[in-house]
Amino acid sequence: MNISYWIITLKPESENVQELQQALKSQGLEANLFQAVDGRTAMPALEPGEKLAKHRTRLRHLCDLTPPEVGCYLSHLRLIKMAWNEGFESICILEDDVKLEPDFARIMEEITKLPSEVEMVRLMGLKIRKRKIVQPLGGGNHQLVRPERGWLGTQAYYLNRTGMEKVLKHASTIKEPIDKMYDHFWEGGLRLFGVEPHLVYEANTAPSSIAKSNRQRAKVPWFYYLLHSLEKGIFSVTRHTHLLMRRREFYPATRPQKAPGQSARMRE
């Protein structure tokens with residue numbers, strides 16, 4: 001399966017981008033640049049088909065999304081939309097602050113040959129979760145895994161065409177940060193996997209400039225606090241129902257014996 005590599009960036013001429021492009025070239029890969037949506041100073045304008053579900057964000061996270069969060073979300077969404085419209089079979093999306101592990105290209109070649117039901121593969125994450133080991137990759141040095149919960153982060157991931165279609169159908173209504181949308185994969189029916197050890201890691205250890213959704217935000221109207229527990233309960237039931245109905249896909253699940261990646265922000 002043909003795959004197209006893309007780097008999302010606000011600063012195409014930056015040193016990070018140049019270094020990432022060179023790292024890809026050193027492994028025989030070429031990457032295109034995609035101009036990120038800038039939400040640093042104001043809320044980005046939405047395009048036709050995009051909707052900001054403010055009430056859903058408030059119910060789930062007791063806050064509103066910030067302009068940087070919406071900008072980040074739209075950057076990924078619009079890149080996927082472009083790739084879908086142009087007929088790409090599969091894509092690999094990289095944010096511009098990652099570094100590649102030496103075997104990135106070799107393992108990516110194996111990932112593109114996986115069955116079509118492997119719709120998305122996260123190439124790194126920030127949370128250590130229980131997961132089912134599906135199969136070895138790279139002669140056993142890596143493995144394809146199926147996490148039962150989200151890994152957190154959108155630094156690098158693979159999508160095949162079916163995965164792109166599911167993302168576009170589900171994610172055009174924006175109700176939470178983009179990584180949370182992927183973490184809650186069952187809501188859009190996305191068949192999400194991961195690779196261990198991770199194929200990339202963060203280039204710097206500075207905290208993200210995109211603030212957490214539920215910290216240092218203006219309070220929402222009081223009635224959202226009353227409905228929040230109900231929303232959390234429904235959310236939990238849908239997640240556990242999904243896992244129960246597909247238990248053979250997700251279990252037995254175990255925790256990694258050690259951290260599966262180099263990013264300093266990885267946590268339990």
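What's counted below: heavy atoms across the whole structure, side chains too, no hydrogens, waters or symmetry copies.
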Given the rule in the side-chain hydrogen bond (donor to acceptor under 3.5 Å, both in side chains) test, do Gln262 and His198 qualify, once you have shown the distances and angles that lead to the verdict? CA-CA 8 Å; Gln262 294 193 57; His198 296 165; over 6 Å; no

Apply salt bridge (Lys or Arg N to Asp or Glu O under 4.0 Å) to Glu187 and Arg239, showing your working. CA-CA 8 Å; Glu187 294 185 314; Arg239 184 177 80 85; over 6 Å; no

Are Leu10 and Val37 side-chain neighbours, meaning at least one heavy-atom pair lies under 4.5 Å? no

Linking I/L/V/M/F/W/Y whenever any side-chain heavy atoms sit under 4.5 Å apart, do Ile234 and Leu227 land together? no

Go through the steps for Asn160 and Ser90 under the test side-chain hydrogen bond (donor to acceptor under 3.5 Å, both in side chains), then give the verdict. CA-CA 4 Å; Asn160 69 10; Ser90 62; over 6 Å; no

Evaluate side chain to side chain contact (heavy atoms under 4.5 Å, CB included) for Gln135 paired with Ile133, printing each intermediate quantity in order. CA-CA 6 Å; Gln135 68 178 68; Ile133 298 174; over 6 Å; no

Sequence neighbours left out, what passes side-chain contact (heavy atoms from CB on, under 4.5 Å) with Thr241? Give chain and number order. Val237, Met245

Identify the two heavy atoms, one from Arg58 and one from Pro221, that lie closest to each other, and give their separation to 0.1 Å. NH1-CD, 3.6 Å

Closest non-hydrogen contact found for Asn141 with Pro197 is O-CD, 3.3 Å

Would you confirm whether Tyr73, through its side chain, and Ala171, through its main-chain N or O, come within 3.5 Å as a donor-acceptor pair? yes

Partner set under ring-ring contact (aromatic ring centres under 6.0 Å, His included) for Tyr182, not counting sequence neighbours: Tyr157

For the backbone of Gly233 and the side chain of Ser236, can you confirm whether one donor and one acceptor N or O come within less than 3.5 Å of each other? no

Residues joined to Tyr201 in its hydrophobic cluster, side chain to side chain under 4.5 Å directly or through other members, sorted by chain and number, are none

Arg191/Glu249 salt bridge by N-O under 4.0 Å criterion: yes

Least distance between heavy atoms, Lys132 atom then Arg248 atom: NZ-O, 2.5 Å

Between the main-chain N or O of Thr66 and the side-chain N or O of Glu69, is there a donor-acceptor pair closer than 3.5 Å? yes

Rounded distance (nearest 0.5 Å) linking atom CG of Leu94 with atom CD of Gln21: 11.0 Å

Is Leu230 reachable from Tyr225 through a run of hydrophobic residues whose side-chain heavy atoms are each under 4.5 Å from the next? no

Pair Ile111-Ile3, side chain to side chain contact (heavy atoms under 4.5 Å, CB included): steps then yes or no: CA-CA 10 Å; Ile111 288 174; Ile3 181 170; over 6 Å; no

Interatomic distance, CG@Asp97 vs OG@Ser263, rounded to 0.5 Å, equals 8.5 Å

Flag the pair Thr173 / Leu52 as yes when at least one side-chain heavy-atom distance between them is below 4.5 Å, and no otherwise. no

With heavy-atom distances below 4.5 Å as the criterion, would you say the side chains of Phe104 and Cys92 are in contact? yes

Tell me the closest heavy-atom pair linking Leu190 and Val167, and the distance in Å. CD2-CG2, 4.3 Å

Does Arg161 come within less than 4.0 Å of Glu119, counting only side-chain N to carboxylate O? no

Ile7 CD1 to Leu79 CG distance, which is reported to the nearest 0.5 Å: 11.0 Å

What residues form a side-chain hydrogen bond (donor to acceptor under 3.5 Å, both in side chains) with Tyr251, not counting sequence neighbours? Glu148

Under 4.0 Å between a Lys/Arg side-chain N and an Asp/Glu carboxylate O for Glu19 and Lys99? yes

Glu202 versus Gln155, side-chain donor and acceptor atoms under 3.5 Å: yes

Quick one: are Arg60 and Lys175 in side-chain contact, heavy atoms under 4.5 Å? yes

At their closest point, which heavy atom of Lys81 faces which heavy atom of Pro48, and how far apart are they? NZ-O, 4.1 Å

Under the rule for salt bridge (charged side-chain N to carboxylate O under 4.0 Å, His left out), what residues qualify as partners of Glu196, not counting sequence neighbours? Arg131

Is the side chain of Lys130 donor-acceptor paired with the backbone N or O of Thr254 at a distance under 3.5 Å, no angle test? no

Is it true that Arg78 and Glu50 have a side-chain N and a carboxylate O under 4.0 angstrom from each other? yes

Out of curiosity, Asp96 CG to Phe34 CZ, how far, rounded to the nearest 0.5 Å? 13.5 Å

Option passing side chain to side chain donor-acceptor pair (under 3.5 Å) with Arg122 (candidates Asp183, Thr154, Asp179): Asp183

If you compare all heavy atoms of Gly139 against all heavy atoms of Glu110, which two are closest, and at what distance to 0.1 Å? N-OE2, 4.3 Å

Please check this pair: side chain of Thr9 against backbone of Lys11, looking for a donor-acceptor N/O pair closer than 3.5 Å. yes

Straight-line distance of Leu199 CG to Leu100 CG, nearest 0.5 Å: 9.0 Å

In the structure I gave you, are the side-chain heavy atoms of Met108 and Gln27 within less than 4.5 Å of one another anywhere? no

With side chain to side chain contact (heavy atoms under 4.5 Å, CB included) as the test, pick out the partner of Ile128 among Arg255, Lys258, Arg267. Arg255

Report whether Val145 and Leu126 are members of the same hydrophobic cluster (ILVMFWY, side-chain heavy atoms less than 4.5 Å apart, transitive linking). no

Is the Phe250-His242 ring centre distance short of 6.0 angstrom? yes

Met43 side chain reached by Val70 side chain, heavy atoms, under 4.5 Å: yes

Those residues that, when tested against His184, pass ring-ring contact (aromatic ring centres under 6.0 Å, His included) (two or more places apart): Trp186, Phe235

Can a cation-pi geometry be assigned to Arg129 and Trp151, taking NZ or CZ under 6.0 Å from the six-membered ring centre and within 45° of the ring axis? no

For Leu244, does its backbone N or O pair with a side-chain atom of Arg247 as donor and acceptor, under 3.5 Å? yes

The reported gap from CG in Leu192 to CE in Met120 (rounded to nearest 0.5 angstrom) is 5.0 Å

When you look at Val118 and Val134, which way does the side chain to side chain contact (heavy atoms under 4.5 Å, CB included) test go after all the steps? CA-CA 11 Å; Val118 180; Val134 178; over 6 Å; no

Is there a side chain to side chain contact (heavy atoms under 4.5 Å, CB included) between Leu152 and Lys180? Walk through the geometry before answering. CA-CA 7 Å; Leu152 192 65; Lys180 289 293 185 183; 4.3 Å; yes

Side-chain touch His170/Met181, heavy atoms, less than 4.5 angstrom: yes

Measuring only between side-chain heavy atoms, which start at C-beta, is Phe193 closer than 4.5 Å to Leu114? no

